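No experiment lies behind these values; they were computed from the predicted model shown.
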Amino acid sequence: MTAAYETLNRMLAGSIPDAVELAGLLKAQGKLTERIYASADRTRAEKHGSAIHLRGIIEFSNVCKNNCWYCGIRCGNSKVKRYRMSADEIAASARNALEWGCGTVVLQSGDDPLLNAGELAALLRRIKLETGMAITLSVGVRTRPELEALKEAGCDRYLLRFETTSNALFTAMHPDESFEDRIRCLNDLRALGYQVGSGFMIGLPGVTLEMIANDILFATKLRLDMIGCGPFLPHPDTPFADKPLIEDRSLYYKAIAMLRILNPYAHIPATTAFDALEPNGRNLVLCRGANVFMPNITPGKYRRLYQLYPNKPCVDEEGSACAVCVRGRIAGLDREIGSGPGHSILKAEGDTI
Ligand code: 5AD
Ligand code: FES
């Protein structure tokens, strides 16, 4: 048996490989790749069943004070027309999400300097009262007192990707932020009782297989409730415009499959960027470890203005179209929509943090 097969078998038996071993497995081709996908799919089925949880995402503001090198809504991109949805519009979108079968609403924005915790807290209280749904926030790095106020207002979960484990790469790509502060924020979230989601972009410019392996291992070490990762896609109006995708597309999927095998209980979404990579990308990830789908419920008129990367799907749709489409996709995979909020199962299964 080759070393890579052995590594996979040991992972399936619960052991954590080192970065060199994992990088060896990321190189897998042919039959071994199929085996990695099948193993991840089996682990997903064992721990999460066939239900796919729907988290409706509202991209409620594209205003951002940061200038991240990869991101289409970076403040330096003057081509973007900026918008902020009103509280009434956001609440109406959340009510739609509930009607369309979502158990969770995800409120995401750029790092909008005018978005204060007090206003956000009021919005969270309103959405809780009106819908009772689980609420996830994804509004960038915040101070501990802010996070405390938001938790108090009913926020259940928070998404903040660490993007890369390489401090040097993080620093180069984020002129306005530090790696340490992101990790501080993730630790605060955990301490405050949030369900914590994080992850990284797969295939950032200049990364090696061993760096991707390190990202997978770091995400695993964080013992996350949710792991969100997707391919890095070069946006034409950013400094990374000319950076290539990884030639071996299977690497993107193998990374997700390995995250699933190493984190059996974590919720893993089929992130939208996979559909930008190839038309049925999200369906493929759902068969290679993922158990969550995040339909876009942002009103149609704003969608074109929230393009972190090119070829984003569904920008010409209204939320109702995504709601119908997602049902078709899930039925086509012979799976069903998860009921209820789809909270973390890490603790419930005794797999404590
Ligand atoms: N390609 C892929 N993902 C991106 N994101 C931002 N820009 C890009 C891009 N060009 C991801 C980041 C961020 C999340 C909201 O979107 O990982 O955390
Ligand atoms: Fe938006 Fe399919 S999820 S149209």
Residues Y306, K312; criterion side-chain contact (heavy atoms from CB on, under 4.5 Å); working and verdict
CA-CA 9 Å; Y306 199 90; K312 190 180 169 200; 3.9 Å; yes
Cluster link M226 to I135, ILVMFWY, side chain under 4.5 Å:
no
Taking atom types as modelled, find out whether N296 and T298 have a side-chain donor-acceptor pair closer than 3.5 angstrom.
yes
Are V63 and I57 in one and the same hydrophobic cluster, where Ile, Leu, Val, Met, Phe, Trp and Tyr link if side-chain heavy atoms are under 4.5 Å apart?
no
Write out all pairs satisfying ring pair (Phe, Tyr, Trp, His ring centres under 6.0 Å) with one or both partners inside residues 29-68, taking only residues at least two apart or from two chains.
H48-H267, H53-H267
Hey, does V105 have a side-chain heavy atom less than 4.5 Å from the side chain of T131?
no
With E89 via salt bridge (charged side-chain N to carboxylate O under 4.0 Å, His left out) - residues at least two apart
K301
Let me see the working for L308 and H235 under side-chain contact (heavy atoms from CB on, under 4.5 Å), right down to the final yes or no.
CA-CA 7 Å; L308 312 184; H235 189 292; over 6 Å; no
Lys/Arg-Asp/Glu bridge criterion (N-O < 4.0 Å) met for K128, D156:
yes
Count the heavy atoms of every other residue, nucleotide or ligand shown that sit under 6.0 Å from CH2 of W100, and state whether that count exceeds 12.
yes
Between E177 and R182, is there a side-chain N and carboxylate O pair less than 4.0 Å apart?
yes
Hydrophobic cluster identity match, Y253 and L8, side-chain contacts under 4.5 Å:
yes
Would you say the side chains of S61 and D112 form a donor-acceptor pair under 3.5 Å?
yes
L123 side chain near L107 side chain, heavy-atom distance below 4.5 Å:
yes
Judged by modelled atom types alone, do E180 and N167 share a side-chain donor-acceptor pair under 3.5 Å?
yes
Run the side-chain contact (heavy atoms from CB on, under 4.5 Å) test on I202 and D215 for me, step by step, so that the C-alpha distance in whole Å, both residues' side-chain angles and the decisive distance to 0.1 Å come before the verdict.
CA-CA 9 Å; I202 309 164; D215 291 341; over 6 Å; no
When you group the ILVMFWY residues by side-chain heavy-atom contacts below 4.5 Å and let the links chain together, are Y265 and V292 in the same group?
no
If you draw a 6.0 Å radius around CD in E247, do more than 12 non-hydrogen atoms from other residues or ligands fall strictly inside?
no
Can you list the steps and then say if R157 with T104 is a side-chain hydrogen bond (donor to acceptor under 3.5 Å, both in side chains)?
CA-CA 10 Å; R157 312 183 192 132; T104 298; 2.9 Å; yes
Decide yes or no on side-chain contact (heavy atoms from CB on, under 4.5 Å) for R82 and I73, but give the supporting numbers first.
CA-CA 9 Å; R82 306 286 166 171; I73 63 164; 3.8 Å; yes
Quick check on E152: does its CD atom have over 12 non-hydrogen neighbours (other residues, nucleotides or ligands) under 6.0 Å away?
no
Any chance the side chains of Q195 and H343 put a donor and an acceptor closer than 3.5 Å?
yes
Can R304 and D316 be counted as an ion pair, charged N to O under 4.0 angstrom?
yes
Please evaluate residues F218 and F162 with respect to the criterion ring-ring contact (aromatic ring centres under 6.0 Å, His included), reporting the C-alpha separation (whole Å), side-chain torsions for both, the decisive distance (0.1 Å), and the verdict.
CA-CA 10 Å; F218 187 69; F162 58 82; 4.9 Å; yes
Could you verify whether a donor N or O on one side chain and an acceptor N or O on the other, from N291 and R335, lie under 3.5 Å apart?
no
Verify same cluster id: Y252, F240 (apolar side-chain graph, 4.5 Å)
yes
First locate atom CE of M173, then atom SG of C68, and finally report the distance between them rounded to the nearest 0.5 Å.
7.5 Å
